[in-house]
Amino acid sequence: MAFFPKILLRSELESYLRNVFTNKELVAAVGGPEAESLFENLLKHLAHPPSFTTVRVNPLSTSIENVKSLLKEEIHKQFPGLNIPILQHPIVPDLLLIPVIGPRRTLKQHPVQVIVGAQCGNAVLRGAHVYAAGIVSASKWMKAGDEVSVFSDIEGKCKRGAKEFTGNKIFIGNGISELSRNEIFCCNNPVKGKGIKMTEPVYLSPSFDNVLSGYIFLQNLPSAVVSHVLNPQPGERILDMCAAPGGKTTHIATLMEDQGEVIALDKIASKVEKIKQNASVLKLKCIKAFCFNSTKAVRDQNCPDEQGDGPPFFPESFDRILLDAPCSGMGQRPNMVCPFSLKELTSYQPLQRKLFSAAVELLRPGGTLVYSTCTVTLSENEEQVAWALKTFPCLKLQPQEPHVGGEGMMGAELPPDQLKLLQRFDPSRVEFCSVDTNHCSAQPSDTIPLANKDTIGFFIARFLKAR
C-alpha cells in the first residue's frame, strides 16, 4: 500500500524498454549512466499525471478571455480558498494550462475503504470523481454520506463485491460516498452515476464533468499541438484516419473555421458515435464520420462511383491526412500499471505500416501527412519514420510549427538533421517534483517550459508528398 513510486511492468517489458532507452546511439551521445537515469525517470513519470491540466478553447464559440473568466469561477467553486492560475500557452494560443497540485502525501486515510479498477484510478488522478461502474469493492459497513478512502487495484486482483482487499493497492485520495455498499453491489441492474465525490484527491485537479460544454475540450498538450502541425486550411479536404474519440478531428475542423470537409474514420461503431457527439456539442458542421477500417480506405480505380461521400476513397483525393495511429500507449499518463506482454507491445508496428501505406496513396501530390502516436518506443516512432522514408521516395520530412517538444530519439539510424525535424514529448527529460500552492504563483516564463516537457509521452512526424 506504498505511495506509487513508478509504473508496474512485466519483467520482459521492462527489459525491452530499458534497451530502448539505453541503445548504443544514445549511450554514445549522453553516456550510460545518463541513459539509465532517463529510463528510471520515465518509469516514475508514467505513474503520475502531468504537471498541468490542459484545456483547448473553441474560438468559434467564444473568446479565450471569456473562457479564462468562466474557468476561474468554476475552479473557485471546486477549490474555495485556493488561487490557481489559468495560463494561456504563448505558442499554442487556443490552449489553457491549469497547474496540478500534488502529490499530497499527508492526507489522512479513513477506516471505510473503496477499491476501484486501475482505469478508474487513473481518471481520479486527473481530476475525475468515481462513478459507480468503476467501484470494485467497498467496506461492508459503507453507507451513503460516509467519508471514504479510495484505492486503486493496480493489478486487477480484487474480486468484485469483496468486503476487504489486502492485495497491492495504491491510495489515490478521499471522498464522500453517494451510494451505500448495498446500492452498488446488491442491485439486479448495474448502477449508474457518481459513486464517490472526491474531496481530497492525492492530485488536486479540477473536474470537468459537464463544465463549459461547447466552449472547451479537455486535451493533452501534444494532442493539441499535432493539429496545429497539420496546419489545415479553410476549404481543404482532410482525412483523420483513426479519429476516435474526435479530439483532433474537432480541433482540425475548428482550425479550418468549419469550412471545408473533414472525414473521420474509426472501425468501431460506438466510437464513431462519440466523434459525432463531440462534433455536435462543439457545433461543427464540416465533419463527416464513418465506421470503416482505414487499412482498406483506398478505392480501386476501376470501382464504380456508387459510394457517395463515404469510404473507400480514390487515391490522391485528400489535401492533408492525420494518421494518429493505434499504438501501445506507453506514453499515456498516469498509468500505474501496464498489463501488456512484450508480444502485445510489439504487435502494433505492422498495423501502423498498413495504415501509413494507405495514407500515402490517399494523399495528393504536394499534400501533408502527419504521423503521431502516444507512445515512447523507437519501433513505433523513429523506426517507422526511417521505414517510411526508405519505402516511399516521394515523402520528405518537413519542419514542424509549432515545435515545443524535443527532437527525435537516437537509435533508429536517422541522421541528426532528420531527428531535429521530429517532435518527441518525453517526460523522462524533466525531473520529477511535487507541485504545491506556492509553485502555482510562479511566473509563466518558469511554468511554460515545464508544461511543454512534463506532459504525456507523444511523437509527431510531418511529411510532404512530392509533386
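Sequential numbering from 1 along the given sequence is applied to the chain's residues.
At a threshold of 4.5 Å between non-hydrogen side-chain atoms, the residues Val404 and Ile448 do not count as touching. Counting heavy atoms from C-beta on, the side chains of Lys143 and Asp146 come closer than 4.5 Å.
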Pairs of donor and acceptor atoms involving the side chains of residues 330-340, under 3.5 Å and at least two apart or interchain, shall be tabulated with distances.
unit_1, atom_1, unit_2, atom_2, d
Arg333, NE, His45, O, 2.8
Arg333, NE, His48, O, 2.9
Arg333, NH1, Asp454, OD1, 2.7
Arg333, NH1, Thr455, O, 2.7
Arg333, NH2, His45, O, 3.4
Arg333, NH2, His48, O, 3.3
Arg333, NH2, Pro49, O, 3.1
Arg333, NH2, Asp454, OD1, 3.0

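A donor atom on one side chain and an acceptor atom on the other are not found under 3.5 Å apart for Glu273 and Gln277. One side chain, Ser372 or Asp324, offers a donor N or O that lies under 3.5 Å from an acceptor on the other. One side chain, Lys169 or Gln113, offers a donor N or O that lies under 3.5 Å from an acceptor on the other. Between the side chains of Asn381 and Thr373, at least one donor N or O sits under 3.5 Å from an acceptor N or O. Asn174 and Ser149 share a side-chain donor-acceptor pair at under 3.5 Å. In summary, the side chains of Tyr203 and Thr53 do not present any donor paired with an acceptor at a separation below 3.5 Å, with no hydrogens or angles considered. A donor-acceptor contact under 3.5 angstrom links the side chains of Arg126 and Asn220, judged on distance only. For the residue pair Asn452 / His89, a side-chain donor-acceptor distance below 3.5 Å is found, with atom types taken as modelled.
For the pair Gln88 (side chain) and Leu95 (backbone), a donor-acceptor distance under 3.5 Å is absent. Using modelled atom types, no side-chain atom of Asp153 and backbone atom of Ile115 make a donor-acceptor pair closer than 3.5 Å. Between the side chain of Ser177 and the backbone N or O of Gly145, no donor-acceptor pair lies under 3.5 Å. Panel note: side chain Ser341, backbone Glu344; a donor-acceptor pair is recorded below 3.5 Å. Side-chain N or O atoms of Asn182 include none that pairs as donor or acceptor with a backbone N or O of Cys186 at under 3.5 Å. Remark: the backbone N or O of Ser11 is paired with a side-chain donor or acceptor of Ser15 at under 3.5 angstrom. The backbone N or O of Arg18 lies less than 3.5 Å from a partner atom in the side chain of Thr22, making a donor-acceptor pair. The main-chain N or O of Ser207 is found under 3.5 Å from a side-chain atom of Gln78 such that the two form a donor-acceptor pair. Remark: the backbone N or O of Ala264 is not paired with any side-chain donor or acceptor of Asp240 at under 3.5 angstrom.
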Which is it for Lys248 and Leu322 under the side-chain contact (heavy atoms from CB on, under 4.5 Å) test, yes or no, and what are the steps along the way?
CA-CA 9 Å; Lys248 299 177 188 69; Leu322 172 61; 3.8 Å; yes
Apply salt bridge (Lys or Arg N to Asp or Glu O under 4.0 Å) to Glu40 and Lys6, showing your working.
CA-CA 8 Å; Glu40 291 297 329; Lys6 65 180 185 179; 3.6 Å; yes
For a salt bridge (Lys or Arg N to Asp or Glu O under 4.0 Å) check, start with the C-alpha distance between Glu382 and Arg424, then their side-chain angles and the critical distance, and finish with the verdict.
CA-CA 9 Å; Glu382 287 85 356; Arg424 175 183 271 261; 2.8 Å; yes
Derivation of the side-chain contact (heavy atoms from CB on, under 4.5 Å) call for Val130 and Lys194:
CA-CA 6 Å; Val130 175; Lys194 193 183 299 180; over 6 Å; no
Go through the steps for Gln418 and Leu422 under the test side-chain contact (heavy atoms from CB on, under 4.5 Å), then give the verdict.
CA-CA 7 Å; Gln418 291 184 341; Leu422 304 176; 5.9 Å; no
Verify side-chain hydrogen bond (donor to acceptor under 3.5 Å, both in side chains) between Asp94 and His228, making sure each step is shown before the conclusion.
CA-CA 10 Å; Asp94 55 356; His228 284 281; 3.0 Å; yes
Report the C-alpha distance between Glu380 and Ser328 in whole Å, list the side-chain angles of each, state the deciding distance to 0.1 Å, and finish with yes or no for side-chain hydrogen bond (donor to acceptor under 3.5 Å, both in side chains).
CA-CA 8 Å; Glu380 298 172 82; Ser328 59; 2.7 Å; yes
Full working for side-chain contact (heavy atoms from CB on, under 4.5 Å) between Ile75 and Leu82:
CA-CA 9 Å; Ile75 292 173; Leu82 287 181; over 6 Å; no
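Between the CG atom in Leu355 and the CZ atom in Arg353 there is a gap of 12.5 Å [rounded to 0.5 Å]. Here the CG atom belonging to Leu239 is positioned 5.0 Å from the CG atom belonging to Leu265, to the nearest 0.5 angstrom. Distance CD/Gln384 to CD/Gln352: 5.0 Å, rounded to 0.5 Å. To the nearest 0.5 Å, the span separating CG on Leu218 from CG on Leu212 amounts to 11.5 Å. Taken from CG in Asp266 to CZ in Phe290, the straight-line distance is 13.5 Å, to the nearest 0.5 Å. Rounded to the nearest 0.5 Å, atoms CD1 (Ile135) and CD1 (Ile184) are 3.5 Å apart.
Heavy-atom minimum distance, Ala35 versus Phe21: CB-O, 3.4 Å. The two residues Ile268 and Cys291 come nearest to each other via the heavy atoms C-SG, 4.0 Å. Contact record, Ala386 with Ala412: CB-O, 4.0 Å, taken as the closest heavy-atom pair. Looking at every heavy atom in both residues, Phe171 comes nearest to Val202 through O-CG2, 3.7 Å.
The environment of Lys271 atom NZ is sparse: at most 12 non-hydrogen atoms of other residues, nucleotides or ligands sit within 6.0 angstrom. Within 6.0 Å of atom CD in Glu36, more than 12 heavy atoms from other residues, nucleotides or ligands are found, so the atom counts as buried in its surroundings. Other residues, nucleotides and ligands place more than 12 heavy atoms under 6.0 Å from the CD atom of Glu34. Within 6.0 Å of atom NZ in Lys44, 12 or fewer heavy atoms from other residues, nucleotides or ligands are found, so the atom counts as exposed in its surroundings.
A side-chain hydrogen bond (donor to acceptor under 3.5 Å, both in side chains) check over residues 128-139, counting only residues at least two apart or in different chains, returns the pairs Tyr131-Asp209.
Under the 4.0 Å criterion applied to side-chain N and carboxylate O atoms, Arg10 and Glu14 are not assigned as salt-bridge partners.
When the options Glu407, Gln400, Arg462 are evaluated for a side chain to side chain donor-acceptor pair (under 3.5 Å) with Gln423, the one that passes is Gln400. Residue Met198 is tested with Val124, Val148, Ile176 for a side-chain contact (heavy atoms from CB on, under 4.5 Å); the sole match is Val124. A side-chain contact (heavy atoms from CB on, under 4.5 Å) with Arg56 is found for one member of Leu96, Thr250, Val92 and no other, namely Thr250.
Note: Phe208 and Phe217 fail the aromatic proximity criterion, with ring centroids not under 6.0 Å apart.
The aromatic rings of Phe463 and Phe356 lie perpendicular to each other, with more than 60° between the two planes, well past the 30° mark.
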